[in-house]
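The structure appears right after this line, and notes come after that.
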Amino acid sequence: VQLQASGGGLVQPGGSLRLSCTASGSIFSINAMGWYRQGSGKPRELVAAATSGGDTNYLDSVKGRFTISRDNAKNTVYLQMNDLKPEDTAVYYCTEMVHFGASWYPKYDYWGQGTLVTVSS
């Protein structure tokens with residue numbers, strides 16, 4: 001299954017965006033999905049991840065502001081981002097995850113093009 005992230009753009013601080021991750025095939029059997037981001041000159045970091053069973057993992061700095069969700073019927077995973085801050089500026093990527101115990105990590109080392117989010121006034 002190939003994944004395509006979209007929905008990025010330019011938004012003012014305090015604004016909202018919803019990113020979409022559309023799969024080329026069914027995601028019904030995929031247990032865990034996640035969103036990473038990489039700011040300019042920064043390492044890639046896990047922003048949010050969730051299993052189909054409801055386990056979630058959020059980066060501390062986005063807790064209470066970002067929400068990950070999925071719509072299996074549309075083969076799409078979403079990242080709702082509210083109260084955006086300049087430090088949220090990054091390219092955002094979606095990926096299939098592996099969740100084992102307290103560990104979350106990407107299943108594949110392939111990131112696609114991502115979608116750019118710029119938070120600026």
On a heavy-atom basis, the closest approach of T76 and I27 is N-CD1, 3.7 Å
Using 0.5 Å steps for rounding, measure from the CG atom of N72 to the OG atom of S26. 7.0 Å
Charged N to carboxylate O under 4.0 angstrom, K63 versus D60? yes
Least distance between heavy atoms, R70 atom then A32 atom: NH1-N, 4.5 Å
Pairs involving residues 23-69, ordered by first then second residue, that meet ring-ring contact (aromatic ring centres under 6.0 Å, His included) (sequence neighbours left out): Y36-W111
Side chain to side chain contact (heavy atoms under 4.5 Å, CB included) between V1 and E96, intermediate numbers included: CA-CA 9 Å; V1 174; E96 186 175 350; 5.8 Å; no
Keeping T89 on the side-chain end and E87 on the backbone end, is there a donor-acceptor pair under 3.5 Å? no
Where A90 and G39 come nearest, the two heavy atoms and their spacing: CB-N, 3.7 Å
Approximate separation, where rounding is to 0.5 Å, of R37 CZ and Y92 OH: 4.0 Å
Tell me the closest heavy-atom pair linking L19 and M81, and the distance in Å. CG-CE, 3.7 Å
Looking only at heavy atoms, what is the nearest atom pair of A50 and I68, with distance? CB-CG2, 3.7 Å
Please tell me if the side chains of P43 and Q38 come closer than 4.5 Å, counting only heavy atoms from C-beta onward. no
Let me confirm one number: the CZ-CG distance from R65 to N82, rounded to the nearest 0.5 Å. 9.0 Å
Answer with yes or no whether the hydrophobic clustering places L79 together with V11; edges join I, L, V, M, F, W, Y residues whose side-chain heavy atoms lie under 4.5 Å apart. yes
Output side-chain donor-acceptor pairs under 3.5 Å for residues 113-120, partner residues at least two apart or in another chain, one line each.
unit_1	atom_1	unit_2	atom_2	d
T115	OG1	G8	N	2.9

To the nearest 0.5 Å, atom CH2 of W104 lies from atom OG1 of T51 at 5.0 Å
Neighbour count above 12 (heavy atom, 6.0 Å) for K74 NZ: no
Taking the side chain as every heavy atom from C-beta outward, state whether H99 and D55 have any atom pair closer than 4.5 Å. yes
Shortest non-hydrogen separation from L3 to C94 and the atoms involved: CB-SG, 3.8 Å
Let me see the working for R44 and Y93 under side chain to side chain contact (heavy atoms under 4.5 Å, CB included), right down to the final yes or no. CA-CA 9 Å; R44 188 177 293 123; Y93 304 87; 4.2 Å; yes
Just verifying a value: how many Å separate N57 CG and L46 CG, rounded to the nearest 0.5 Å? 5.5 Å
Quick one: does S20's side chain have a donor or acceptor within less than 3.5 Å of a partner on T22's backbone? no
To the nearest 0.5 Å, what is the distance between SG (C21) and CE (M33)? 4.5 Å
